[in-house]
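Here the structure is laid out as structure tokens; the discussion comes afterwards.
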Amino acid sequence: MVAITLPDGSVRQFDGAVSGAAIAAAIGPGLAKAALAMSVNGKLVDLSTTLATDATVRFVTRKDPEALELIRHDAAHVLAEAVQALFPGTQVTIGPAIEHGFYYDFARNEPFTPDDFAAIEAKMKAIVAANAAFVREEWDRDEAIAFFKGKGEHYKAEIIQDLPREETISLYRQGGWVDLCRGPHMRGTGDVGTAFKRLKVAGAYWRGDHRNAVLQRIYGTAWRDEKELKAYLTMLEEAEKRDHRRLGREMGLFHLQEEAVGSVFWHPKGWRLWRTAENYVRRRLDAEGYVEVKTPQLLDRSFWEASGHWDKYAGAMFTATPRAEDAEEHKHGRILAIKPMNCPCHVQIFKQGIKSYRDLPLRLAEFGACHRYEPSGALHGIMRVRAFTQDDAHIFCTEDQITEETKSFIALLMSMYRDFGFTEVVIKFSDRPDVRAGEDAVWDKAEGALKAAVEAAGHPYTLNPGEGAFYGPKLEFVLRDAIGRDWQCGTLQVDFVLPERLDAEYVAADGSRRRPVMLHRAILGSFERFLGILIEQYAGRFPLWLAPLQVVVATITSEADAYARKVAAELAAAGLQVETDLRNEKINYKVREHSLAKVPLIAVVGRKEAEQDTVALRRLGGETQEVLALADAVARLRAEAMPPDLRPAGR
RNA sequence: GCCGACGUAGCUCAGCGGUAGAGCAACUGAUUCGUAAUCAGUAGGCCCCCGGUUCAAAUCCGGGCGUCGGCACCA
């Protein structure tokens with residue numbers, strides 16, 4: 001007898017070994033039809049799996065969260081079959097389910113062309129319609145290797161060779177096609193459904209290593225039903241509409257051009273946005289006991305050799321030498337490097353004079369402009385650039401102060417993110433990478449201290465093994481935007497290495513000389529990137545305090561021109577960014593134009609307003625307007641435009 | 001850096017061997033108008049750059065540069 005326990009606690013007895021499909025059928029025809037796979041004692045397996053011993057079973061239907069992963073994984077197999085059917089000689093490699101969809105990496109000499117894609121998608125549909133059953137087979141390891149080698153599937157053979165010896169080698173058949181796969185799968189290709197779409201093709205390195213061959217990766221998306229698919233495609237469209245590169249141009253915030261690859265030309269409105277953000281950050285740091293500094297752009301190569309950066313990052317650093325042949329640097333062949341980061345400079349400030357334990361923690365902040373020669377393929381709008389400004393700071397402290405400094409940093413960061421409109425923040429803890437500076441004992445200490453600190457701060461965090469900086473472990477702060485995308489911005493890194501390398505020390509209470517610990521930290525990360533994220537978060541429709549142009553005073557008739565100027569002057573005197581629109585155009589035209597430009601408020605004035613000393617306020621996206629006495633409107637907008645940290649009510 | 005696609009007016013794009021096009025924007029004029037496009041007219045181009053093929057190149061070929069989508073990278 002085999003006893004099967006179901007999620008509701010009930011137990012069903014079977015005479016002998018029984019398949020999942022048979023159990024489902026025994027429970028009811030509805031379930032038999034809906035079950036795609038099952039969870040046996042918590043492990044997801046094929047529905048066809050035979051159970052010979054007692055077990056707890058839960059059936060997975062299309063409604064369950066696991067279904068998405070199954071659909072996507074199966075869709076990857078369908079894609080692979082389609083490609084091999086259409087392009088004989090193409091080798092298959094791997095094809096996992098990923099967030100929102102799936103991909104499959106193929107080895108083929110000729111690139112896939114747009115014409116191929118329609119054929120691939122059509123073939124996929126045909127394979128799904130044929131609904132061939134997924135059949136699992138377990139093979140002997142060496143036979144499997146020989147089998148794939150015999151088919152010319154060298155990547156598959158390599159995968160098997162690299163599997164641990166004790167691993168079961170399973171193959172899945174779907175009709176005439178077979179693939180190496182761990183499983184599980186649904187019942188047949190038909191279970192993939194129709195809510196999938198091939199999306200894009202891209203190069204990808206075999207096993208993610210840039211020294212390996214380049215494969216062709218075809219991406220697709222797959223969902224439970226058409227409605228979910230449509231919602232996803234709509235989200236992609238929404239993301240495209242929010243694209244900071246597009247909005248940056250449309251709203252006149254910035255531009256990029258060929259002669260300055262990776263550097264941003266900030267236009268007046270974009271720079272206004274930057275200044276608003278920078279002023280805000282500066283006020284918060286001032287209030288938090290940071291002291292602001294400014295350090296050199298150009299430093300001698302030997303400086304970076306001492307800090308250890310030259311060794312690891314010379315290839316990503318810009319260097320500069322004077323053109324004038326009589327310049328000393330030129331004669332002696334000295335190389336100056338444009339700073340790629342601020343920390344070594346801050347250590348130099350720390351080292352001026354003798355520091356006492358009473359000076360700690362010393363929090364040196366800098367809006368530091370840095371340059372890095374980022375690989376050309378990494379550049380992306382203003383999000384990934386070669387010239388950027390960090391909201392950087394280094395906290396010099398004792399080991400005992402790490403916990404307290406980390407706690408107050410996390411509190412500051414969370415509060416600032418909230419002010420910028422981000423409420424969902426995830427913390428990741430990254431520990432030692434393979435290539436690193438410093439002794440293991442030092443790393444033990446640094447990781448221990450940081451972990452203790454983040455736990456003391458009381459925020460949950462996830463582990464990100466091996467992703468730390470080369471000089472120390474770090475916390476990474478990832479924020480989720482309005483349409484569900486994640487952006488890593490803030491960071492806090494513990495560093496015992498650099499103070500040692502650059503010989504920073506302080507005098508302890510007992511008169512001995514000690515090394516300070518350095519905490520590298522940033523909240524926005526880089527202004528360029530963060531402003532790009534803000535543009536996308538708000539789709540250009542900034543809250544009033546961030547909007548670079550806050551109010552347009554638009555006239556209905558030229559008789560109101562003088563009054564419009566007065567309204568604008570009073571708003572400007574109250575600290576608002578305001579423009580007038582006195583053009584001889586219809587109010588409809590003006591409203592449309594300023595709405596498209598995403599100006600938060602339009603103050604409409606006509607003959608009536610001029611006579612009564614009022615304004616008709618219209619909010620972006622609103623369908624009504626509010627007529628207010630001018631003085632009231634000024635007072636109200638002044639309050640509303642106040643940056644969150646200056647609002648009297650507090651946060 | 002790697003794979004692929006793309007680069008034509010300010011923007012979005014058509015044209016793909018035979019005199020460079022459209023819509024929107026811009027400019028000029030008329031219209032003084034009450035909350036998301038008033039009408040008419042005008043102007044606007046090293047067709048990314050350099051070379052080649054050809055009687056003739058935006059169009060075909062080669063090489064650069066840049067952008068886009070991924071991959072790799074991200075102190």
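Letters A, B, ... are given to chains in the order of the sequence lines, protein chains preceding strands, and every chain is numbered from 1. Keep in mind the model is a prediction, meaning the values are calculated, not measured.
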Q.
Taking the C1' atom in each of B:C49 and B:G44, what is the distance between them to the nearest angstrom?
A. 23 Å
Q: Using only side-chain N and O atoms of A:Tyr219, determine if any of them is under 4.0 Å from OP1 or OP2 of B:C71.
A: yes
Q) With a non-hydrogen cut-off below 4.0 angstrom, is A:Glu623 in contact with a base, only sugar-phosphate, or nothing? A) nothing
(Q) With a 4.0 Å limit, can you tell me whether A:Arg618 has a side-chain N or O closer than that to the phosphate oxygens OP1/OP2 of B:A36? (A) yes
Q. Between A:Tyr563 and A:Glu611, do the side chains contain an N or O donor and an N or O acceptor separated by less than 3.5 Å?
A. no
Q) Side-chain donor-acceptor pair under 3.5 Å between A:Glu640 and A:Gln550, yes or no? A) no
Q: Round to the nearest Å and state the distance from A:Leu256 atom CG to B:U67 atom C1'.
A: 10 Å
Q.
Looking at B:U32, I'd like to know if its phosphate oxygens (OP1 or OP2) sit under 4.0 Å from a side-chain N or O belonging to A:Arg607.
A. no
Q | Positive for side-chain hydrogen bond (donor to acceptor under 3.5 Å, both in side chains) with A:Glu536, one of A:Lys241, A:Arg242, A:His244 | A | A:His244
Q) How is A:Ala554 classified with respect to the nucleic acid when contacts are heavy atoms under 4.0 Å: base, sugar-phosphate, or nothing? A) nothing
Q. NA contact type, A:Gly381, heavy-atom cut-off 4.0 Å: base, sugar-phosphate, or nothing?
A. sugar-phosphate
Q) Picking from B:U67, B:C2, B:G70, which would you name as closest to the side chain of A:Val214? A) B:C2
Q: Just compare B:A75, B:G34, B:U35 and give me whichever is closest to any side-chain atom of A:Ile556.
A: B:G34
**Q.** Between C1' of B:G34 and NZ of A:Lys586, the distance in whole Å
**A.** 11 Å
Q) Distance between the C1' atoms of B:C13 and B:A25, in whole angstroms? A) 14 Å
(Q) Please classify the nucleic acid contact of A:Gly208 as base, sugar-phosphate, or nothing, using heavy-atom distances under 4.0 Å. (A) sugar-phosphate
**Q.** Between B:C73 (P) and A:Arg211 (CZ): distance, integer Å
**A.** 10 Å
Q) Taking for each residue the nucleotide of RNA chain B bearing the nearest heavy atom, is the 5' side occupied by A:Gly377 or by A:Cys343? A) A:Gly377
Q. Rounded to the nearest Å, what distance is computed from the OH atom of residue A:Tyr589 to the C1' atom of nucleotide B:U35?
A. 15 Å
Q. Which part of the nucleic acid does A:Glu374 contact within heavy-atom distance under 4.0 Å: base, sugar-phosphate only, or nothing?
A. nothing
(Q) Would you measure the distance from the C1' atom in B:C24 across to the matching atom in B:A9 and give it in whole Å? (A) 12 Å
Q. What distance, rounded to whole Å, do you find between the two P atoms, one in B:A58 and one in B:G52?
A. 15 Å
Q.
Need the pair for B:U59. Rule: Watson-Crick or G-U wobble, both distances under 3.5 Å, any strand; none if unpaired.
A. none
**Q.** Sugar-phosphate only, base, or nothing, as touched by A:Glu609 at under 4.0 Å among non-hydrogen atoms
**A.** base
Q | Side chain of A:Ile587 (C-beta onward), nearest among B:G34, B:A72, B:U12 | A | B:G34
Q) Among B:A75, B:A36, B:C2, which is the nearest nucleotide to the side chain of A:Pro340? A) B:A75
Q: Starting from C1' on B:U67, measure out to CZ on A:Arg384 and report it in whole angstrom.
A: 17 Å
Q. Is there a Watson-Crick or G-U wobble partner for B:G45 with both distances under 3.5 Å, and if so, which one is it?
A. none
(Q) Taking only the C1' atom of each, what is the distance from B:U28 to B:G34 in whole angstrom? (A) 27 Å
Q) Would A:Asp481 and A:Trp487 count as having a side-chain donor-acceptor pair, cut-off 3.5 Å? A) yes
Q: Could you tell me whether A:Leu596 contacts a base, only the sugar-phosphate backbone, or nothing, with contacts defined as non-hydrogen atoms closer than 4.0 Å?
A: base
Q. What nucleic acid atoms does A:Lys474 come within less than 4.0 Å of, heavy atoms only: base, sugar-phosphate, or nothing?
A. sugar-phosphate
Q: Among the candidates B:A26, B:A36, B:U35, find the nucleotide nearest to the side-chain atoms of A:Ser595.
A: B:A36
Q.
What is the separation between atom OH on A:Tyr205 and atom P on B:G4, rounded to the nearest whole Å?
A. 12 Å
Q) Does the side chain of A:Lys200 get closer than 4.0 angstrom to OP1 or OP2 of B:G69 through an N or O atom? A) no
(Q) With side-chain contact (heavy atoms from CB on, under 4.5 Å) as the criterion, how do A:Met251 and A:Lys598 come out once you've worked through the C-alpha distance, each side chain's angles and the decisive distance to 0.1 Å? (A) CA-CA 8 Å; A:Met251 298 175 72; A:Lys598 301 179 172 58; 3.9 Å; yes
Q) Given the C1' atoms of B:G7 and B:U12, what is the spacing between them in whole Å? A) 14 Å
Q.
Roughly how many Å apart are B:U19 and B:G10, using the P atom of each and rounding to a whole number?
A. 23 Å
Q: Please name the pair of heavy atoms, one in A:Phe477 and one in A:Leu492, separated by the smallest distance, quoted to 0.1 Å.
A: CE1-N, 4.1 Å
Q) Toward the 5' end of RNA chain B, which comes first, A:Thr113 or A:Ala202, by nearest nucleotide? A) A:Thr113
Q | side-chain contact (heavy atoms from CB on, under 4.5 Å) between A:Leu298 and A:Ile338, intermediate numbers included | A | CA-CA 5 Å; A:Leu298 285 170; A:Ile338 305 174; 3.7 Å; yes
**Q.** N/O (side chain, A:Asn588) to phosphate O (OP1/OP2, B:A36) under 4.0 Å
**A.** yes
(Q) It should be established whether A:His594 places a side-chain nitrogen or oxygen under 4.0 Å from OP1 or OP2 of nucleotide B:U35. (A) no
**Q.** Candidate nucleotides B:A75, B:G69, B:C74, ranked by approach to the side chain of A:Phe470 - the nearest
**A.** B:A75
Q. Please give, in whole Å, the distance from B:C33 P to A:Lys590 NZ?
A. 12 Å
Q) Taking the C1' atom of each, how far is B:G21 from B:U8, in whole Å? A) 10 Å
Q.
Could you tell me the Watson-Crick or G-U partner of B:A25, where both distances fall under 3.5 Å? Say none if there is no partner.
A. none
Q: Find the partner of B:A30: check Watson-Crick (N1-N3 plus N6-O4 or O6-N4) and G-U wobble (N1-O2, O6-N3) distances, both under 3.5 Å, and reply none if neither fits.
A: B:U38
Q | Close aromatic pair by centroid cut-off 6.0 Å: A:His73 and A:Phe102 | A | no
Q. With a non-hydrogen cut-off below 4.0 angstrom, is A:Phe112 in contact with a base, only sugar-phosphate, or nothing?
A. nothing
Q: Among B:U67, B:A37, B:U35, find the nucleotide with the atom closest to the side chain of A:Val604.
A: B:U35
Q) Mind checking who B:A14 pairs with, Watson-Crick or G-U wobble, both distances under 3.5 Å? A) none
Q | Who pairs with B:U19 - Watson-Crick or G-U, where each distance is under 3.5 Å | A | none
**Q.** Integer-rounded Å distance: B:A75 P and A:Glu467 CD
**A.** 9 Å
(Q) Pairing check on B:G1: which nucleotide meets the Watson-Crick or G-U wobble criteria with it, both distances under 3.5 Å? (A) B:C71
Q. At under 4.0 Å between heavy atoms, what does A:Ala204 touch on the DNA or RNA strands: base, sugar-phosphate, or nothing?
A. sugar-phosphate
Q.
Looking at every heavy atom in both A:Leu502 and A:Lys351, which two are closest together, and how far apart are they?
A. O-NZ, 2.8 Å
Q: Give the nucleotide from the list B:A75, B:G7, B:G34 with an atom nearest to the side chain of A:Ala316.
A: B:A75
Q: Find out whether the Lys NZ or Arg CZ of A:Arg217 is both under 6.0 angstrom from the six-membered ring centre of A:Tyr103 and within 45° of the ring's axis.
A: yes
Q: For B:C68, take OP1 and OP2 only and decide whether either is under 4.0 Å from a side-chain N or O of A:Arg245.
A: yes
